[in-house]
Asker: 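My structure is below; once you've seen it, I'll send some questions.
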Amino acid sequence: MLLPRAGRPPPPLAALSQVLRLERSRRDGVVFPLQKLARCLAPGVDTAPFRLFQPGLAALQRAEALFRSGRGRSIDYVCFIGRSNVGKSSLIRALFSLSPEVEVRVSKTPGHTKKMNFFKVGKYFTLVDMPGYGYRAPQDFVEMVEAYLQERRNLKRTFLLVDGAVGLQKTDHIAVEMLEEFGIPYVMVLTKIDRASRGLLLKNVLEIQEFVKENTQGCFPQLFLVSSLEFSGVHLLRCFVAHVTGNLPAVEAS
């Protein structure tokens with residue numbers, strides 16, 4: 001869904017160049033919020049799941065450039081799915097905040113997205129916004145989403161959004177079971193991390209990491225933490241999307 005947007009300036013920290021002006025501690029927290037959280041772990045705790053995807057500056061800049069791209073014909077797809085009111089539309093709007101031709105409608109009413117929306121990232125790939133499940137989900141949600149996930153060729157990754165302030169809910173477990181049953185590779189993204197205290201967020205992260213380790217096969221073992229309001233984790237998520245769609249020739253470590 002590409003609609004003209006009024007000439008509004010990008011939000012603060014939407015561009016990587018703005019983030020790089022911050023002092024180092026805050027800059028690292030914006031780009032790598034999960035690694036920042038890992039500093040609160042007790043000595044001896046395995047930190048490997050906190051830093052599996054750790055791209056360098058060049059990869060982050062390349063990913064940002066992709067999300068600035070204009071129209072084009074793309075053949076690869078990624079999709080975003082999550083509970084109603086998980087902040088999916090807000091996150092997608094943050095990802096495209098540097099593309100003035102893309103408008104993502106965000107509603108205060110849960111369940112606003114009723115149909116799939118498609119956002120083309122130039123000629124590189126298409127991001128698919130799925131309707132939210134749970135409260136006020138469309139009646140044909142199961143048929144629509146299951147059919148798409150099973151039949152969509154070139155679906156490179158599904159991004160399962162979970163509210164970072166509340167952790168996995170019953171409906172999230174159902175979504176995980178569906179993705180596992182279909183054998184679809186996916187990754188969990190924890191949204192709204194600005195609404196959770198550091199202690200609560202760390203608790204939810206550790207519980208979800210344990211769940212992923214013990215109960216999943218298709219889930220990428222690193223979680224991605226994001227705040228659409230503060231842009232924490234947004235640059236890293238752009239980079240991971242670019243990576244899984246094959247648009248970063250090599251992701252060097254930072």
Side-chain angles (χ1 to χ4, degrees), residues 9-39 47-80 91-102 104 119-128 154-159 161 185-191 193 205 219-254:
L13 304 185
L16 194 59
S17 60
Q18 297 168 317
V19 178
L20 294 176
R21 297 191 187 107
L22 301 174
E23 55 91 14
R24 182 169 182 175
S25 176
R26 190 179 174 209
R27 180 178 69 223
D28 291 347
V30 170
V31 179
F32 300 108
L34 185 64
Q35 292 180 33
K36 181 180 179 181
L37 192 66
R39 299 171 191 167
T47 60
F50 288 79
R51 49 184 171 81
L52 294 174
F53 185 72
Q54 192 174 353
L57 178 59
L60 292 165
Q61 291 172 327
R62 168 64 176 161
E64 181 177 286
L66 293 180
F67 275 86
R68 291 177 182 263
S69 302
R71 295 173 181 267
R73 185 176 181 180
S74 54
I75 60 173
D76 291 331
Y77 294 79
V78 296
C79 74
F80 279 40
L91 176 56
I92 295 174
R93 183 170 64 177
L95 291 170
F96 285 100
S97 57
L98 300 175
S99 299
E101 75 278 11
V102 179
V104 184
F119 301 91
K120 292 185 180 297
V121 183
K123 63 182 180 181
Y124 304 103
F125 59 90
T126 296
L127 189 155
V128 185
N154 298 329
L155 179 61
K156 297 301 183 181
R157 195 72 53 126
T158 294
F159 291 78
L161 276 55
Y186 62 102
V187 59
M188 288 197 197
V189 180
L190 272 61
T191 62
I193 63 171
V205 164
C219 186
F220 187 67
Q222 177 178 318
L223 307 178
F224 287 81
L225 276 55
V226 296
S227 165
S228 303
L229 181 64
E230 299 176 350
F231 274 83
S232 298
V234 171
H235 304 278
L236 184 64
L237 188 61
R238 281 183 188 144
C239 196
F240 188 73
V241 173
H243 171 61
V244 297
T245 54
N247 289 291
L248 295 180
V251 178
E252 76 286 1
S254 61

Asker: Provide the closest heavy-atom pair for V189 versus L237 in the form atom of the first, atom of the second, distance.
Answerer: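 Nearest pair, atom of V189 first, then L237: CG2-CD1, 4.1 Å.
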
Asker: What closest approach, in Å, do L34 and P49 show between heavy atoms, and which atom pair accounts for it?
Answerer: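 Closest pair (atom of L34, atom of P49, distance): CD2-O, 3.9 Å.
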
Asker: Do the numbers put R62 on top of the ring of Y124, so that NZ or CZ is under 6.0 Å from the six-membered ring centre and no more than 45° off the axis?
Answerer: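 So R62 does make the cation-pi contact.
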
Asker: Is there a donor-acceptor pair closer than 3.5 Å between any side-chain N or O of E230 and the backbone N or O of S232?
Answerer: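 Between the backbone of S232 and the side chain of E230 there is no qualifying donor-acceptor contact (under 3.5 Å).
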
Asker: Ring pair (Phe, Tyr, Trp, His ring centres under 6.0 Å) between F67 and F125: does it pass, once the steps are laid out?
Answerer: CA-CA 10 Å; F67 275 86; F125 59 90; 5.8 Å; yes

Asker: Which heavy atom of F50 sits nearest a heavy atom of A38, and at what distance?
Answerer: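 Scanning both residues completely, I find the closest heavy atoms to be CD2-CB, 3.6 Å.
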
Asker: Atom OG in S228, atom CZ in R93: separation rounded to 0.5 Å?
Answerer: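 Here the interatomic distance stands at 8.5 Å.
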
Asker: What is the minimum heavy-atom distance between F231 and A94, and which atoms define it?
Answerer: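 That would be CE2-O, 3.5 Å.
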
Asker: If you round to the nearest 0.5 Å, how far is CG of L95 from CZ of F80?
Answerer: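 The distance works out to 5.0 Å.
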
Asker: So, taking the atom named OG in S25 and the one named NZ in K36, what distance separates them when rounded to the nearest 0.5 Å?
Answerer: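 Between atom OG of S25 and atom NZ of K36 there are 5.5 Å.
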
Asker: With a 3.5 Å distance limit and no angle check, can you tell me whether R157 reaches the backbone of T245 through a side-chain donor-acceptor pair?
Answerer: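 Side chain of R157 to backbone of T245: no pair is present.
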
Asker: Check whether any side-chain heavy atom of L20 sits under 4.5 Å from a side-chain heavy atom of L57, and report yes or no.
Answerer: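 Yes, their side chains come closer than 4.5 Å.
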
Asker: Side-chain contact test, heavy atoms from C-beta onward, threshold under 4.5 Å: evaluate it for F53 versus P221 and give yes or no.
Answerer: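 No, every pair of side-chain atoms sits at 4.5 Å or beyond.
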
Asker: Closest approach of L66 and A242, non-hydrogen atoms and distance?
Answerer: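 For L66 versus A242, the nearest heavy atoms are CD1-CB, 3.5 Å.
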
Asker: With no hydrogens and no angle check, is any side-chain donor or acceptor of H235 less than 3.5 Å from a backbone partner on L13?
Answerer: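 Confirmed, H235 side chain pairs with L13 backbone.
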
Asker: Is the ring pair F224/F240 parallel, tilted or perpendicular, if the boundaries are 30 and 60 degrees?
Answerer: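 F224 vs F240 ring planes: tilted.
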
Asker: Dump the intermediate steps for side-chain contact (heavy atoms from CB on, under 4.5 Å) on F159 and L91, then the final yes or no.
Answerer: CA-CA 11 Å; F159 291 78; L91 176 56; over 6 Å; no

Asker: Quick one: CG on L223 to CD1 on I193, what's the gap to the nearest 0.5 Å?
Answerer: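 Here the rounded value is 11.5 Å.
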
Asker: To the nearest 0.5 Å, how far apart are CZ in R39 and OG1 in T47?
Answerer: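 So the CZ of R39 and the OG1 of T47 are separated by 12.0 Å.
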
Asker: When you compare the side chain of Q35 with that of D28, does any pair of heavy atoms fall below 4.5 Å?
Answerer: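 Not touching, per the 4.5 Å side-chain cut-off.
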
Asker: What distance do S97 atom OG and R238 atom CZ have between them, rounded to the nearest 0.5 Å?
Answerer: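 If we round to the nearest 0.5 Å, S97:OG and R238:CZ are 4.5 Å apart.
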
Asker: Compare every heavy atom of Q222 with every heavy atom of L52, then report the nearest pair and how far apart it is.
Answerer: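 Minimum heavy-atom separation between L52 and Q222: N-OE1, 2.7 Å.
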
Asker: Is the closest side-chain heavy-atom distance between F96 and L127 below 4.5 Å?
Answerer: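 Yes; the side chains approach each other to less than 4.5 Å.
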
